[in-house]
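Okay, so here's the structure we're looking at.
We name chains A, B, ... by the order of the sequence lines, and we start the count at 1 in each one.
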Amino acid sequence: MKRHWTSQLHYNLMVLPGLVLVLLFSVWPMFGIILAFKHYIPTKGFFGSPWVGLENYDVLFKSPIGAQLFVNTVSIALMKMAFGFVVPIVFALLLNEVRIRWYKRSVQTIVYLPHFLSWVLIAGIIRDMFAMNGIFNRLVTSLGMEPILFLGSNFWFRTILITSDVWKEFGFGAIIYLAALTAINPSLYEAAEMDGATRLQKLRYITLPGITTTIVLVATLSLQGVLNANFDQIFNLYNPLVYDSSDVIDTYVFRAGLREGQFEVATAIGLMKSVISLVLIVTTYKLASKYANYRIF
Amino acid sequence: MKRNRLVAPIVLSLLLTTACSGGGSTTDNSPAPSSSSTAAAKNHDPFAPYPETITFTTVKATSVDPKFPAGESYEKNKYNDLIFEKLNVKPKILWAVPSDGEAFKNKVELSVAANDIPDVMQIGGDPTYLKNMVKRLVEADMIEDLTDVVKNYASPKIKAAWEQNKNGVHDFFAVKGKNYVIPNQMPSADYPLVWIREDWRKQLNLPEPKTMEDVVAIAKAFKEKDPAGGGKTVPIALQMQNEPAGQFGGSAYFSYFGSLPRAFYKNKDGKVVYGGIEPQTKDALAFMAQLYKDGLLEKDFALKDGGKVMELLSSGNAGMVSHSWYGPWYPLNNTLNNIKSADWTPYALKGKNGKLEVAAGTPTGSIIVVKKGFKYPELPMKWVNVWNEHSQTQWAIDLYNGLYKDAIEKNPITFNLGADPTDKDLKKAARLNDALNGKITRDQLTTFDEKDAYDQISKFKAGDKEPDNNTKNMPGWQNYKAWIMAMNAINNANPTPVYKAYEGKTPTMEKKMTALENLQMNVYLKIIMNKEPLEAFDKFVQDWKSQGGVEILAEVNKEVSAK
């Protein structure tokens, strides 16, 4: 055992800085979680502040709009997950069929660029495009219809949220599938060609089964995000007219909790979301290992 | 990994800061002031300098681009030099962040949460925010009790200003009868005026408005004749994104119906009610819904924040706006910068009941607090004394118009806290009026800023016949429109103040008010934009009450009657 340790000393030394960082920034702050059940008084510190039980959850659960917040959060997140799951696969498959190499490469680069833009920037562009005199409303009026208040309508607002989210992320999401596609053995396609398979049949019997593992993996792992409807995006776009459809847990906690300096409320909601996410991660990990044979540990 | 993105960094920074400051906090809390305060008790001179130079820590909300004259800074400048000369004290600024937006509030919030506040701190904000902050600081035992300091050290001038308002500001901030702050006191003259593009009105040969019907008629004419050209005219600019009667908001229209949509006030029977659910608010909404229907408001006004409406006003496409008396300085002067012939005139309109009712809150917007254990709790009080003796003298005007002529930040003094009688602005306007009408001479004007305004207006009036006089003599135009026209309009309308009965936060308000205010804006906007019928207001009142409003009103009434 001792020899084992010394022979691997250089590895352990290399791991040390990382370990210290994890302890300092991930493990030690975990004690802050007790704040979720306390009334934080700065002079008394984390440990001296009085316990208040579950009172910090009242802001969310005893709020008249608590139920609606949950529905909004989950439905927006689920819709984003569903579209954000299908679109990259379809796109990757389509792009894979393109024969011209430079065209394929440039399309791939262009579509994943939006991933690197911040939501503050994109929100500004969306506001302009969907304004009363924006490009979309000019289209609408040129067709002889009344201009639509896109960002003030509960139907259109959600649609815009989901489409813009998919638009921003699908290129980046497609990369993993494109990578998986290159891993398929070309001899399979050659054999299929000899047997006279059409392009569609090749897609059905070779390409899809080839990336099934990846698809299942991505799908299951994305489930944990069910309570994250994307604060950055909604916060930069919403307004009181669309609170009905688009006020989510994060935005509400920001307004009702953080603005008022109630850090304990933000901690409490964060903890709740972490717990739910943890349960989902464990479940999906089990599912992934069962159906896609995916294991980390 | 999946922790809330908001929480993780905050919890982390809290931990680090408490960890770092944890060692120091115990020594800070040891009671030091007893010896010094007894020694000083014999001498309560509000202007006495300290025998040795005292350096204390503080923080500062700053301008993003101050453009200081050479050698000046927020820490060391001619204003602070004066205080140093008179009192022998020097501030050390621990951190400074821009005063725009939420940055300063957030930083203060973190300092408080980390139990790491400076020796002396000035915080600005609306009365509700400030009161809540004081409550928290007192609960956490972080600030000094200043009851004796204020009683013993306030200068006669400042005491007189506070007493003119019956010490209302101190009572407002008091916690269990004790006073923990040095508050500012502002002249309360925030009356809702309707500012109208005078050049357009004259161009279209429309009479001056006397009633709200006249105003609507003018707006309709603006819509029809399109004086901005190209269909760009917006007859009425309105900002109502998150509050009903905020900046460029609906104050004038609500107050015409006697509605105060975000105020708790006493009704005829002495009971505290919430203006947002009172029936006259429904009338105001019906009125605004008609404005929207007639195309007098922007179709998407609900999506625009203050900045966007300011752009609209600056562009010169807006015909009228509900705004305060200081409009000519912000942002109506921008219209003149863009359009040389532009002109704005304020009108104060009496309400349906023949009165101009205004919500009158606690006239304060800033407080100074002293960290618990700071040895010289009377220091900021002395600072405020000295500053208020000098802030309106020739010395200040010379500095302002001389060395600081080209600076954006004209007054970087560390604590700029005034204590003015609440009727200061109306009195100033009256004196200026008298001086311009020849009833009193220029020399009889009491302060230098009055004389400055008098000179500017005289210059403006002298150039009356010249083209584009408004733009050429902008300072004169600003002083004239605000001090003479707006104040006269207010005086003639003889405003009736409706005092806010409650500006704090009850326990239920802490939990539910955000949701209720969201509900309020949501329903108001839908009614105005004709998305829901006016009857939706009745359902809103029911919802408001059942979702916590009943408890809130009960709590407020209990607290108010206990006073």
Side-chain angles (χ1 to χ4, degrees), chain A residues 25-26 28-33 35 40-46 58-59 62-66 127 131-132 147 149 151-153 224-225 227-228 231-232 239-244 247 250 252-263 266-274 277-278 280-281, chain B residues 1-8 10-12 14-16 18-19 22 25 29 102 105-106 108-109 112-117 132-133 136-137 139-142 240-242 298-300 302-303 305 372 505 510-516 518-522 524-526 529 531 543 546-548:
Chain A
F25 291 111
S26 297
W28 169 234
M30 289 295 271
F31 290 104
I33 284 174
L35 207 60
Y40 181 52
I41 295 173
T43 37
K44 296 194 176 152
F46 279 11
D58 286 0
V59 168
K62 291 210 176 148
S63 160
I65 55 171
R127 274 170 188 280
M132 286 310 270
L149 189 56
L151 292 174
S153 138
Q224 56 186 281
L227 283 183
N228 283 327
F231 173 82
D232 297 1
N239 59 74
L241 276 178
V242 291
Y243 279 168
D244 303 342
D247 198 12
D250 285 351
Y252 183 74
V253 167
F254 178 82
R255 290 203 311 278
L258 282 185
R259 279 254 173 99
E260 314 276 323
Q262 297 182 24
F263 296 105
T267 314
I269 306 299
L271 177 64
M272 182 194 77
K273 286 176 61 179
S274 302
S277 294
L278 184 73
L280 286 168
I281 289 173
Chain B
M1 185 182 96
K2 273 290 142 192
R3 300 171 51 106
N4 184 318
R5 74 190 63 196
L6 280 173
V7 176
I10 285 163
V11 168
L12 186 66
L14 285 187
L15 261 162
L16 288 177
T18 35
S25 62
N29 285 343
E102 302 276 306
K105 274 187 188 175
N106 291 345
V108 167
E109 210 60 74
V112 172
N115 190 18
D116 185 23
I117 62 169
N132 212 32
M133 178 60 85
R136 282 170 51 210
L137 287 169
E139 183 189 72
D141 199 20
M142 286 166 87
M240 225 190 250
Q241 200 186 21
N242 289 310
E298 282 182 288
K299 278 267 168 279
D300 56 348
L303 307 184
D305 58 14
K372 188 98 182 174
K505 271 195 171 164
E510 271 173 21
K511 286 188 187 114
K512 297 184 173 172
M513 205 58 189
T514 308
L516 289 176
N518 293 345
L519 178 73
Q520 182 186 22
M521 278 324 291
N522 190 309
Y524 282 15
L525 287 174
K526 279 183 180 160
M529 298 177 87
K531 287 188 167 198
D543 290 345
S546 66
Q547 294 178 6

- Message: Could you report the tightest heavy-atom contact between Pro240(A) and Met521(B), atom names first, then the distance?
- Response: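 For Pro240(A) versus Met521(B), the nearest heavy atoms are CB-CB, 4.0 Å.
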- Message: Tell me the closest heavy-atom pair linking Glu109(B) and Phe263(A), and the distance in Å.
- Response: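 Minimum heavy-atom contact is CG-CZ, 3.9 Å.
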What distance separates [X] [atom1] from [Y] [atom2], expressed to the nearest 0.5 Å?
X: Tyr243(A); Y: Asn522(B); atom1: OH; atom2: CG; result: 9.0 Å
X: Asn115(B); Y: Lys44(A); atom1: CG; atom2: NZ; result: 11.5 Å
X: Arg127(A); Y: Leu303(B); atom1: CZ; atom2: CG; result: 7.5 Å

- Is it the side chain or the backbone of Asp244(A) that comes within 4.5 Å of chain B heavy atoms, both, or neither?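 When you check distances to chain B, atoms from both the backbone and side chain of Asp244(A) fall under 4.5 Å.
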- Please identify each residue that fulfils side-chain contact (heavy atoms from CB on, under 4.5 Å) with Ala140(B), with sequence neighbours left out.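 In terms of side-chain contact (heavy atoms from CB on, under 4.5 Å), with neighbours along the sequence ignored, Ala140(B) is linked to Ile41(A), Pro42(A), Thr43(A), Met142(B).
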- Task: May I ask you to name which of Val242(A), Asp247(A), Asp58(A) has the most heavy-atom pairs under 4.5 Å with chain B?
- Result: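 Among the listed options, the one with the most contacts to chain B is Asp58(A).
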- Query: In terms of heavy-atom pairs under 4.5 Å with chain B, which of Leu149(A), Leu227(A), Ile65(A) leads?
  - Reply: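 Among the listed options, the one with the most contacts to chain B is Leu149(A).
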- Message: I need the residue from Met529(B), Glu298(B), Met133(B) with the largest number of non-hydrogen atom pairs under 4.5 Å to chain A.
- Response: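 Option with the greatest count: Met529(B).
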- Task: Return the set of residues passing ring pair (Phe, Tyr, Trp, His ring centres under 6.0 Å) with Tyr524(B) (not counting sequence neighbours), or none when no residue passes.
- Result: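 In terms of ring pair (Phe, Tyr, Trp, His ring centres under 6.0 Å), with neighbours along the sequence ignored, Tyr524(B) is linked to Phe540(B).
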- Message: Does any part of the side chain of Asp300(B), heavy atoms only, come nearer than 4.5 Å to the side chain of Leu151(A), both counted from C-beta?
- Response: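 They are not in side-chain contact.
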- Part of Lys105(B) lying under 4.5 Å from any heavy atom of chain A: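 Neither part, no heavy atoms under 4.5 Å.
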